[in-house]
Amino acid sequence: MHCPFCRNSDSRVVDSRTADDGSSIRRRRECPACGKRFTTVETASLSVVKRNGVTEPFSRDKIVSGVKKACQGRPVSDDQLALLAQRVEETVRASGQAEINAQDVGLAILPPLRELDEIAYLRFASVYQGFDTLDDFEAAIARLREEDAASARSEASGASE
Ligand SMILES: [Zn+2]
């Protein structure tokens with residue numbers, strides 16, 4: 001890392017701090033030649049491999065715009081979408097891979113979207129999982145109902161203990 005002031009090729013790290021979400025490290029550096037201090041930010045690169053094989057950098061904005069279509073007319077705020085995109089990024093980064101398939105990004109979107117809004121979830125799943133027929137919707141809705149019933153049962157049994 002060259003000093004931005006005198007172009008000296010050496011610098012000393014005086015402080016390191018990891019961002020809250022663990023996606024970047026901020027380092028305070030000091031140049032031994034001119035004594036000036038500067039900050040560098042290191043971000044672990046995360047790429048998404050699309051179905052056509054093209055690789056592009058992971059972007060929370062892309063997650064938001066992708067999910068936003070499914071949320072049209074639904075009571076979902078921009079803040080909630082931003083939080084969803086953050087959760088998706090944390091999930092895919094937790095896999096520890098530098099490259100992730102677009103398919104897996106879609107999978108990471110489904111659980112938090114379902115918590116947010118079940119209609120938006122069904123719309124997104126129908127596109128992403130390629131629902132062809134009403135049967136596909138019926139099956140997905142039946143799964144949602146079963147899981148809702150299961151979680152209601154476990155809450156009820158938890159309350160009676
Ligand atoms: Zn310098």
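Order of appearance sets the numbers: ligands from 1, and atoms from 1 within every ligand.
- Among protein atoms, those of element N, O or S found less than 2.8 Å away from the Zn ion (ligand 1) are Cys3 SG, Cys6 SG, Cys31 SG, Cys34 SG.
- Taking the charged nitrogens against the carboxylate oxygens, Lys36 and Glu30 have no contact shorter than 4.0 Å, which rules out a salt bridge.
- Using a 4.0 Å cut-off between a side-chain N of Lys or Arg and a carboxylate O of Asp or Glu, Asp15 and Arg29 do not qualify as a salt bridge.
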Test log, rule side-chain hydrogen bond (donor to acceptor under 3.5 Å, both in side chains), inputs Thr39 and Arg28
CA-CA 5 Å; Thr39 301; Arg28 197 80 186 124; 2.6 Å; yes
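- Classification of Asp148 and Arg143 as a salt-bridged pair fails, no side-chain N sitting under 4.0 Å from a carboxylate O.
- Atoms CG and OH, from Leu107 and Tyr128 in turn, are 3.5 Å apart once rounded to the nearest 0.5 Å.
- The OG atom of Ser45 sits 8.5 Å away from the CD atom of Glu99 when rounded to the nearest 0.5 Å.
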